[in-house]
Amino acid sequence: MNDLQPGRIEADKQAGVLRVRFCNPARFNAMSLSMWQALHTVLVQAQEDEALRAIVLQGEGERAFVSGADISEFGAQRNDPSQVARYDQAVSAAQQALADSRIPTIAVIQGVCMGGGMGLALACDLRYCNASARFRMPAARLGLGYALDGVKRMSDMLGAARTMDLFLTARSFDGNEAARIGLAHEVFADADFAVEAQSRVEAVAGNAPLTLRAARLALRHLLNAAPAAVEVEQAVQQCFGSADYREGQAAFREKRPPVFKGR
C-alpha cells in the first residue's frame with residue numbers, strides 16, 4: 001500500500017488464525033477509503049486459504065479498535081454523489097465480505113469502537129471487548145446517512161428497539177453495557193483481556209470447521225430477510241447533499257458542537 005495513504009491494514013497468519021489489524025493510531029484507527037478497500041481484498045483472499053480456522057479483527061495498540069470512518073478525508077473522498085457512492089460501496093463490500101466469510105470471524109475490541117467500527121464488529125460472528133472499551137453510533141452528530149444494510153445488521157444483532165436507542169441518542173457506553181445489550185458476547189477486565197480473548201479465539205480455531213460452517217449458514221439463512229426500501233436509500237442520499245452534512249464536517253474540524261437545521 002502507498003505510504004502516503006492514511007492508515008493501513010496489516011494481516012498475518014499463525015496457527016490457522018489470520019489476524020487483521022487496523023493501523024491508523026493517530027486517528028484512533030479510523031478507517032480511510034484505502035483501508036476499507038484493502039480490508040475487502042484481504043478478506044476475499046483469505047477465503048482461498050483452506051488452512052484458516054478463524055479471522056480476528058483488532059486495532060493497533062490498546063486505545064482503539066476502530067473509531068469509525070476517517071472523517072478528515074470526507075471533504076475529498078465523500079463529498080459529491082459519485083464519491084459518496086464509491087465510498088459507501090467500499091464500506092459495504094468490506095462489511096459484507098465479513099458477513100459472508102466461510103471462515104469464522106471474531107472482533108477483539110479494546111478501547112474506542114464507534115460508527116464504522118461498530119459496523120465492522122457487528123458483521124463478525126463473535127465480539128469480545130474489555131471493560132473500559134467505549135462504544136458509540138455517532139451518525140446523528142455528523143449529519144451523515146447510515147446505509148440500510150448496516151442498520152439491518154445492527155437490528156438483527158441487537159433488536160430494533162436497541163438500535164433505535166443507539167442511533168437516535170448517539171450516546172456512548174462502556175464494555176459492560178455492550179455485553180449486557182448483546183453487542184459484545186463477553187466483556188473481560190482490562191488486565192485479563194488479552195489472555196481471555198485469545199482463549200476464545202483458540203477455542204473457535206480448534207472446533208470442527210464443517211460444524212461451525214453449517215451452524216453459521218443456518219443462522220444467516222434465518223436472518224436474511226433482505227428488505228428493499230427505496231425510500232430509505234433516498235433518505236440516506238439526501239443526508240449527503242444536506243447543509244447539515246456540511247455542518248457536521250465543519251463542526252468536527254472546528255472542534256465545536258454541531259448546529260443542525262434539518263435541511
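Only this structure's heavy atoms are used, side chains among them; waters, hydrogens and symmetry mates stay out. Quick caveat, the model's predicted, so the values are computed rather than measured.
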Novice: Identify the residue among Leu126, Thr105, Val108 that makes a side chain to side chain contact (heavy atoms under 4.5 Å, CB included) with Val56.
Specialist: Val108
Novice: Asp70 side chain to Arg27 main-chain N or O, any donor-acceptor pair under 3.5 Å?
Specialist: no
Novice: With Phe22, which of Phe65, Phe28, Trp36 fulfils ring pair (Phe, Tyr, Trp, His ring centres under 6.0 Å)?
Specialist: Phe65
Novice: Let's go through Arg63 and Val112 carefully: what are the C-alpha distance in whole Å and the side-chain angles of both, what is the deciding distance for side-chain contact (heavy atoms from CB on, under 4.5 Å) to 0.1 Å, and is it a yes or a no?
Specialist: CA-CA 6 Å; Arg63 295 198 307 162; Val112 175; over 6 Å; no
Novice: Atom CE in Met154, atom CZ in Arg162: separation rounded to 0.5 Å?
Specialist: 12.0 Å
Novice: Could you check whether the rings of Phe188 and Phe193 sit parallel, tilted or perpendicular, using 30° and 60° as the cut-offs?
Specialist: tilted
Novice: Between atom CG of Leu43 and atom CD of Gln96, what is the distance when rounded to the nearest 0.5 Å?
Specialist: 11.5 Å
Novice: Passes side-chain contact (heavy atoms from CB on, under 4.5 Å), Leu223 versus Met157? Steps please.
Specialist: CA-CA 9 Å; Leu223 290 171; Met157 296 296 106; 3.5 Å; yes
Novice: Does Gln14 CD have over 12 foreign heavy atoms under 6.0 Å away?
Specialist: no
Novice: Roughly how far apart are Asn130 CG and Glu196 CD, rounded to 0.5 Å?
Specialist: 12.5 Å
Novice: Are Glu10 and Arg21 within salt-bridge range, i.e. N to O under 4.0 Å?
Specialist: yes
Novice: Who pairs with Arg136 by side chain to side chain donor-acceptor pair (under 3.5 Å), at least two apart in sequence or on another chain?
Specialist: none
Novice: Which heavy atom of Met118 sits nearest a heavy atom of Cys113, and at what distance?
Specialist: CG-O, 3.6 Å
Novice: Determine the minimum heavy-atom distance between Ala46 and Ile103, stating which atoms define it.
Specialist: O-CD1, 3.4 Å
Novice: Return the CD to CG distance between Glu247 and Leu142, rounded to the nearest 0.5 Å.
Specialist: 11.0 Å
Novice: Looking just at side-chain N and O atoms, do Arg19 and Gln58 make a donor-acceptor pair shorter than 3.5 Å?
Specialist: yes
Novice: Any chance you could measure Leu52, atom CG, to Gln47, atom CD, to the nearest 0.5 Å?
Specialist: 8.5 Å
Novice: Which word best sums up how the rings of Phe135 and Phe173 line up, parallel for under 30°, tilted for 30 to 60°, or perpendicular for over 60°?
Specialist: parallel
Novice: Any donor-acceptor pair under 3.5 Å linking the side chain of Asp165 with the backbone of Ala161?
Specialist: no
Novice: For Met31, does its backbone N or O pair with a side-chain atom of Asn24 as donor and acceptor, under 3.5 Å?
Specialist: no
Novice: Quick one: closest heavy-atom pair of Ala184 and Cys129, and the distance?
Specialist: CB-SG, 3.7 Å
Novice: Taking Thr163 for its side chain and Leu158 for its backbone only, find out whether a donor-acceptor pair lies under 3.5 Å.
Specialist: no
Novice: Mark yes or no for whether Arg216, through its side chain, and Ser101, through its backbone, hold a donor-acceptor pair below 3.5 Å.
Specialist: yes
Novice: Hey, are Arg171 and Glu177 close enough for a salt bridge, meaning a charged N less than 4.0 Å from a carboxylate O?
Specialist: yes
Novice: How close do Cys239 and Leu144 get, heavy atom to heavy atom, and via which atoms?
Specialist: CB-C, 3.9 Å
Novice: May I ask you to say whether Asp100 pairs ionically with Arg220, meaning some side-chain N is under 4.0 Å from a carboxylate O?
Specialist: no
Novice: Does Arg134 have any salt bridge (charged side-chain N to carboxylate O under 4.0 Å, His left out) partners at least two apart in sequence or in another chain, and if so, which?
Specialist: none
Novice: Taking Arg53 for the side chain and Glu50 for the main chain, is one N or O donor matched with an acceptor at less than 3.5 Å?
Specialist: yes
Novice: Closest heavy-atom contact between His185 and Asp125?
Specialist: CE1-O, 3.3 Å
Novice: Report the C-alpha separation of Leu33 and Glu73 in whole Å, then their side-chain angles, then the decisive distance to 0.1 Å, and conclude whether the side-chain contact (heavy atoms from CB on, under 4.5 Å) test is met.
Specialist: CA-CA 8 Å; Leu33 174 61; Glu73 70 172 12; 3.5 Å; yes
Novice: Keeping Asp244 on the side-chain end and Lys261 on the backbone end, is there a donor-acceptor pair under 3.5 Å?
Specialist: yes
Novice: Near Arg213 CZ, under 6.0 Å, is it more than 12 heavy atoms from other residues, nucleotides or ligands?
Specialist: no
Novice: Would you check if the side chain of Gln95 reaches a backbone N or O of Gly150 as a donor-acceptor pair within less than 3.5 Å?
Specialist: no
Novice: Under a plain distance cut-off of 3.5 Å, with no hydrogens placed, do Ser92 and Asp149 share a side-chain donor-acceptor pair?
Specialist: yes
Novice: For the pair Lys152 and Asp156, evaluate salt bridge (charged side-chain N to carboxylate O under 4.0 Å, His left out) and give the outcome as yes or no after the intermediate values.
Specialist: CA-CA 6 Å; Lys152 181 183 184 301; Asp156 286 343; 2.7 Å; yes
Novice: Check Leu39 against Ala94 and note the closest heavy-atom contact, atom names and distance.
Specialist: CD2-CB, 4.0 Å
Novice: So how far is it from Leu122 CG to Met137 CE, rounded to the nearest 0.5 Å?
Specialist: 7.5 Å
